[in-house]
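Just so you know, these numbers come straight off a predicted model, no measurement behind them. Just so we're on the same page: letters track the sequence lines, and every chain starts at 1.
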Amino acid sequence: MKRFSLAILATATAFSPMVQATPMAEIAGGTYIRPLEKDGKPRPVESFLIDTKPVTNGEFLAFVRENPRWSRSQVNRLFADKNYLRHWQGDLELGPNAPENAPVVNVSWFAARAYLKNVSQRLPTIDEWEYVARADATRADASADPDFKAKILNWYSRPATTPLPPVGASEANVYGVHDLHLLIWEWTDDFNSALGVGESRADGSPNAALFCGGAGLNKNSATEYADFMRFGMRTSLQGNYCIGTLGFRGARDIQKK
Amino acid sequence: MTRLHYIFASLLFFSCAFAEEAKKESQLADGSVYALTSEWTDQNGDSLKWQSLNDGKSRIVAMGYATCKGICPRLIAEMQRVENALTDEEKDSVEFVFLSVAPEQDGVKELKALADSHRMSERWRVLTGDPDGVLEMAVVLGVQFTKLPDGVNYSHSFLIATLDKDGVITHRWKTPEEGPEPSVTALRKKKS
């Protein structure tokens, strides 16, 4: 239990000029095997901080107020498609479909990065996100438990509710992090690296298989279908896509003393 | 010129310069890749702001890395097929840009060697940048890339983008089999 210190850091407040910052959890680094990688080579994950909850409509509204070029009517289509913040009532009005405490969705990768840059944070990488998301309430790695994955898969198969429930309402995982599953999907910084690096390429000898970008995902068994859906989702994204079930949370490097 | 005249003149000058700047900002076409603010260095060691390429030229753009033995030589050769398909007159308004996904290993020397080995014409720029600028460029163009576990090589998608004179992406060439024609057609297409 000591291995992953449960320290929730209140220090994050100092970095956020606008709103009450979400507490961050410190995640002790280690290695993990990325889901769906058949050769199963462990990947290192450095220690890092991650928000215990996704960013909310209320928090994102405060950002848009201070940065009007990120409002619905002014944003450049290169950075956010026409669905950007479509569940809000107006440029600076949340309305009934966007409760203040619900996670903000319909935000692009660029918008998420702009928001986080403003509070000295960044998006988590795929490896960071997946590393924390293996945990359930009692285990740092519940990924071998078929029930854990079945629960996630079951959620994937249900249509999203409108409006979305508030963040932080579900049980925290063993790190004290809420809502990685069962509320929304989340952006990762390197979502565009999910091009199915598989057997032939992971051994460091790239070959003609480079031609086939996203085609290499191999699912090992039915229990990995949830992972397959998540990685497949990332492969299908573009940086300006805004989707009603896709939000984000902040992460940060741990400053070396 | 009296001092007052001088002040008026400079006020006029600055307000014009300011208005010009504001106009430039709003003139950026919606969806223009020149909204990216990254900085790059070319094969001659000259640094440039990406936005400074908003000069009315069309561009054929791809990403890769200098030591790539996989898809990159093919990417560059295919871009040259596009170049060769153009008339001399058309060539004057088109530029070819190859951007590195591996700024940590691609310096000016590597870029220059790449340009030389492929006998790139004077219409080519080979650029290296910083990791954040590279990532944003890749995302905007739709290039997927990842460093391989060997720590040296990258896996990245085959993608050649056509940008119109406003920097709007008008075509993405995604499979080698497609051939250069659709990209050439996209280049020739005039805005209505």
Side-chain angles (χ1 to χ4, degrees), chain A residues 34 37 39-44 69 73-82 108-110 112-114 117 122-123 125-127 187-216 231 234-241, chain B residues 25-37 50-51 63-65 67-75 78 101 131-159 161 163 166-169 172 174-178:
Chain A
R34 186 183 272 197
E37 281 196 353
D39 68 342
K41 279 207 185 91
R43 291 165 169 263
R69 69 191 188 91
S73 62
Q74 290 184 39
V75 75
N76 186 319
R77 283 281 165 267
L78 184 73
F79 298 137
D81 72 17
K82 62 183 186 345
S108 65
W109 179 83
F110 285 101
R113 276 169 57 101
K117 202 170 175 189
R122 59 174 174 79
L123 283 170
T125 63
I126 293 176
D127 282 337
W187 281 108
T188 51
D189 204 42
D190 54 344
F191 75 96
N192 73 325
S193 71
L195 72 173
V197 179
E199 308 120 297
S200 64
R201 277 164 281 172
D203 62 2
S205 54
N207 55 26
L210 287 169
F211 287 163
C212 56
F231 278 80
R234 289 186 190 120
T235 314
S236 72
L237 292 171
Q238 298 279 343
N240 67 344
Y241 279 15
Chain B
E25 177 81 12
S26 64
Q27 266 179 351
L28 204 59
D30 205 17
S32 170
V33 300
Y34 300 120
L36 289 174
T37 55
W50 177 251
Q51 292 186 312
M63 298 184 84
Y65 61 108
T67 56
C68 174
K69 304 277 186 297
I71 192 67
C72 301
R74 176 89 187 255
L75 272 170
E78 298 290 16
V101 295
D132 225 40
V134 167
L135 178 60
E136 291 194 346
M137 184 66 68
V139 168
V140 154
L141 296 177
V143 172
Q144 298 179 319
F145 73 97
T146 190
K147 201 171 197 170
L148 291 168
D150 67 5
V152 181
N153 284 295
Y154 284 78
S155 178
H156 61 97
S157 40
F158 179 99
L159 192 139
L163 313 183
D166 296 317
V168 177
I169 299 170
R172 287 184 172 93
K174 288 179 174 174
T175 57
E177 299 74 39
E178 180 185 294

What I'd like to find out is whether the side chain of [X] reaches to under 4.5 Å of the side chain of [Y], using heavy atoms alone.
X: A:Asp190; Y: B:Thr146; value: no
X: B:Val33; Y: A:Leu78; value: yes
X: B:Glu136; Y: A:Trp109; value: yes

Measure the CG-CZ distance between B:Leu36 and A:Phe79 for me, rounded to the nearest 0.5 Å.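 Answer for the CG-CZ pair, B:Leu36 versus A:Phe79, is 5.0 Å.
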
Let me confirm one number: the CG-NE2 distance from A:Asn192 to B:His156, rounded to the nearest 0.5 Å.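 One finds 12.5 Å between CG of A:Asn192 and NE2 of B:His156.
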
Test side chain to side chain contact (heavy atoms under 4.5 Å, CB included) applied to B:Glu178 - qualifying residues, sequence neighbours left out: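 Scan of B:Glu178 (side chain to side chain contact (heavy atoms under 4.5 Å, CB included), adjacent residues dropped) gives B:His171, B:Trp173, B:Thr175, B:Pro182.
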
Side chain to side chain contact (heavy atoms under 4.5 Å, CB included) partners for B:Thr37, two or more places apart: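 Here the qualifying residues are B:Gln51.
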
Under 4.5 Å, counting heavy-atom pairs only, tell me which of B:Val143, B:Leu159, B:Val139 racks up the most with chain A.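 If we count pairs closer than 4.5 Å to chain A, B:Val139 comes out on top.
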
Ionic contact status for A:Arg113 with B:Asp132, cut-off 4.0 Å: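 A salt bridge is present here (some side-chain N lies under 4.0 Å from a carboxylate O).
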
Do side-chain atoms of A:Asn76 reach the backbone of B:Gly31 as a donor and acceptor pair under 3.5 angstrom?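 Flag set: sc A:Asn76 to bb B:Gly31 pair under 3.5 Å.
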
